[in-house]
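Below, read A as the first sequence line, B as the second, and so on, with proteins coming before strands; counting in each chain starts at 1. In this text the structure is predicted, and so the values were computed from the model without any measurement. Only heavy atoms go into these numbers, but all of them, side chains included; no hydrogens, no water, no symmetry mates.
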Amino acid sequence: MLQIIIQGLLLSGLYALIAVGFTLIFSVGRVLNLAYGAYLMLGGYAFFYVSQTLGMPKLLGVVAAVAVGVIAGLMKHRFIVKPLKGDMVPVEIATLILAVVLQSAVVLMFGDSSKILHSIIPGVVQVGTVSVPYSNVFAMIVSWTVLIALYLFIRKTHLGRAMQAVSMDQKGAAISGVNPDHVNMMVWGISGGLGALGGVFFASYTQLYPAMWVAPLIIAVAVVIVGGIGSIIGTLIVAHIIGFMEVMTTSLIAPELRGVFTMALIIIVLVVSPKGLFGREEIH
Amino acid sequence: MTILALDGLVKRFGGLTATNQFSADVTEGESLGLIGPNGAGKTTIFSLIMGEHRLNEGAIRLKGEAIQDLPTHARIQRGVARTYQVPRPFAEMTVAENIRVGLTPDSIMAMIFGSSNAAEELALAEAVGFEAADLDRLPNELSMGDLRKLELARTLATGAKVVLLDEVFAGLTVGEIAQISELINEKRRSGMTFVIVSHDLRSLEPLIDRAVAMTAGSVIAEGAYADVIADKQVRDSYLGA
Amino acid sequence: MTSNLNLRHAIYWALFAGLLFAMPYLVSKGDLRTMIFALYVGIFAMSWDFLSGRTGYISFGHPFLIGIGAYATAILSYRFDVPVMFSIPLAVIITMVASTMFILPALRIKGSYFALVTLAFMELMYQLVQVIRPDLTGGTRGISGVETITRGAVNGFYLAAFLAFCVALFLWLLTRTRLGAAQSAIGMDEEALKGSGINATKLKLFTFVVSAAVAGLGGAFYVHYLGSIAPRAIFDINFVFTIIVAALLGGAGTITGPLFGAFFLTFLLEYLRPWLPGAERYLIYGGVALVLYMYQPKGMYAIAAKLRAGVMK
């Protein structure tokens, strides 16, 4: 029981971090970034390269991962989203292709086999009968810190409010002096950084392998659909529902079924409410 | 005889009541002008009649049959169709193909095994003022006036008896307004029923038999155009008082 | 239906059939095997195109449909000894029924959400196949030793070519009718299509079921060509990628384009093999696809049309 609670909290915090970068793009840029999972993969491999292949400090590895993610996000915006004028379907298809391209680029550089990441912080802490790796606690603390910082950033700063404005009404925002292009670019960058950071943690949770981008993408998608687009609070809540559901399935039913309920949840929610749980009828 | 009866329509969007106990009867063969200031809820009435928004309360009857629970396409098959403020042609189809979609029957078998009728397409195109040479043009080559004509042709192609025209003069030149007005009057003479929404009251007046004025989702006056427009409440509503 | 068909089209189709018939005399056995793969990818890409290329409802989970057909016939013939001549038609029917069950609730979903649900369906299927009744599905390892219905490359090629030709002709004829026009109207403005008095939901359901039938048919024959099936080989995002890219490169919405797109991609992949033996071929492959897509989202069909227009001038 205690184990389920602890593991659930740890996993859910990470899922929230992963999902929030995805929901930002969906909300502000109005497109589904199917290459989002690739940020996680890039982040994980960047961390691996810097801290394990080059043997540099782990913290530097994390910074490098985030930097790679931000750059990937900015480049994607510049070379894919902008030329396609943010058109939904072409961007979705182009990002799917890009994800496969990035995956094979990783195979080319690092090989097909999976890699095990060294813990960011070695050692375990004993909570009752449960032993929890420090790395996972660290991941959760960082995730929560980032989420709270992001929340405050969006609510309290000028830039954050500009992001909100663009997500509500691109043209309206432009009229009131916000450059939607700049805001979009920034959001793609932030999203890339968040994804890459999530990737470092996700890879240390599981393993680092070239196809690792699909599973977190599906989780991010599920969180966004169920929790509502662009809502950080909604993302947090649903990330916990999904995280706990997975942990409970894994420990109580069968590990192979862990993803089934997530998928079923997406399908059920969309069928019951086609615009997502928080969708609204628009006023004409 | 009443062909379209709107009875106590209510539509709420969240906390906002866009349509509030709206009632009106449209007589067969008449042309009714629906007027009111911006945001009065005129377009919402059209959306409710067509089933694009779901009604919260009230009833819509077409030729006596309650249609408020039918899907959009079924309402059109029963004889009511609309145009949009911003024309919505099928962007990658030619004028002829756009009209063809309007003429297409709602049956998979008929779609596969039937064939299109070029003469009928041409007749409809000419009825709204196109020429044979226009049939192969794409919407992005058309002027606003032509787009409105195209939409009208596609609407007529559905075989509608009651046609709802939404801001049919917006964005048109004086010449185009005259052309469309002539077309509407011709259809009126042939017995078609119209409900017309327009901000351009001067162009609207000669096209209608009767006017209904609304504000904040409710009817405030109805009757002859001159009487309605002289009504104090109607004048106040336009002034925003 | 016949009014917009003409002699030129008949000649093209006859030439195409003749080319397919002559192929085994023209190329090596190795190339022929590559072509068999290309033909099956082509069938899947045409099935995808009939749904997504025309209506704009993007399916990111097409292997879901292919997999149902493939698994149905594999299980029927391998586990229950049903003769292939019955198991394949049954598999197609099962795919159609299953797809209807899944799609009925999903018909209200639009745009990106539709794509997501199809992706979720595929992942769901991938996980379920491994854990539910592994005694039937073979679990993670899948089933090998499924009866093959052709011997040798030439026979395999003729079967695949016959299927691909029939599917192409059938779907192409359908899209030449008013049905095809109504389908593309869904992609352009679904509300306006309803506003033209057409039941868009019924049309989408029909389109989806036809697409599913073709996918199930292709999947069923494919498994009897390969002789084996495994979850990761079918329900795979790289497989989705291959299908979609073939369709897009060939020219979405054109039906025959995707078949040629499949040939182009398969041979590109094959000719890269000497230099890049592993999965990294997808880097070049994807790179080419991405650049072509960004340059001309309407595919080689549009590029060819542009070139032809240029030459005519």
Side-chain angles (χ1 to χ4, degrees), chain A residues 26 30-32 34 37 79-80 83-84 87-109 111-112 210-211 213-215 217-218 221-222 224-225 253-268 270-276 279, chain C residues 52 56-58 60 102 104-128 130-132 134 139-140 187 232 236-238 240-242 244-245 247-248 252 276 278-295 297:
Chain A
F26 207 176
R30 307 264 165 127
V31 292
L32 209 59
L34 288 175
F79 294 109
I80 292 188
L84 292 175
D87 250 358
M88 258 184 345
V89 171
V91 169
E92 281 158 23
I93 289 170
T95 52
L96 177 77
I97 302 178
L98 182 70
V100 175
V101 171
L102 289 174
Q103 179 186 339
S104 39
V106 163
V107 173
L108 199 60
M109 287 165 66
D112 230 343
W213 59 277
V214 182
L217 175 67
I218 300 264
V221 161
V224 169
I225 287 177
I253 309 173
E256 296 90 354
L257 283 173
R258 57 185 288 183
V260 170
F261 290 94
T262 313
M263 245 73 77
L265 187 70
I266 302 184
I267 294 165
I268 291 167
L270 276 185
V271 165
V272 172
S273 161
K275 287 178 180 170
Chain C
S52 303
Y57 276 78
I58 304 297
F60 280 131
F102 279 105
L104 273 181
L107 279 173
R108 293 161 60 211
I109 304 167
K110 290 190 175 31
S112 310
Y113 288 132
F114 182 84
L116 289 179
V117 168
T118 54
L119 186 65
F121 273 148
M122 184 182 81
E123 284 295 315
L124 184 65
M125 201 67 188
Y126 170 59
Q127 303 203 333
L128 286 180
Q130 298 179 59
V131 289
I132 293 186
T140 315
R232 193 68 299 176
D236 179 20
I237 198 104
N238 278 322
V240 177
F241 163 85
T242 305
I244 296 184
V245 170
L248 291 174
L276 296 167
E280 30 324 348
R281 273 176 296 159
Y282 281 91
L283 182 63
I284 310 278
Y285 189 59
V288 170
L290 193 59
V291 169
L292 270 177
Y293 183 68
M294 297 294 292
Y295 168 69

With rounding to the nearest 0.5 angstrom, report the CD1 to CG distance, A:Ile218 to C:Leu119.
4.0 Å
Chain A contact via C:Leu124 - side chain, backbone, both or neither, heavy atoms under 4.5 Å
both
List the steps and the verdict of side-chain contact (heavy atoms from CB on, under 4.5 Å) for A:Leu96 and C:Val245.
CA-CA 10 Å; A:Leu96 177 77; C:Val245 170; over 6 Å; no
So for A:Ile80, is it side chain, backbone, both, or neither that comes closer than 4.5 Å to the heavy atoms of chain C?
both
At a 4.5 Å cut-off on heavy atoms, which part of A:Val260 comes close to chain C: side chain, backbone, both, or neither?
both
Is the closest side-chain heavy-atom distance between A:Thr262 and C:Glu123 below 4.5 Å?
no
Proximity breakdown for C:Phe60 and chain A, heavy-atom pairs closer than 4.5 Å:
side chain
Please state whether the side chain, the backbone, both or neither of C:Leu290 comes within less than 4.5 Å of a heavy atom of chain A.
both
Over all heavy atoms of both residues, which pair between A:Ile97 and C:Gly286 is shortest? Give the atoms and the distance, please.
CG2-O, 3.6 Å
If we only count heavy atoms from C-beta on, is the C:Asn238 to A:Val100 side-chain gap below 4.5 Å?
yes
Is C:Gln130 close to chain A through its backbone or its side chain, or both, or neither, when contacts mean heavy atoms under 4.5 Å?
neither
For C:Leu248, which atoms come within 4.5 Å of any heavy atom of chain A: side chain, backbone, both, or neither?
side chain
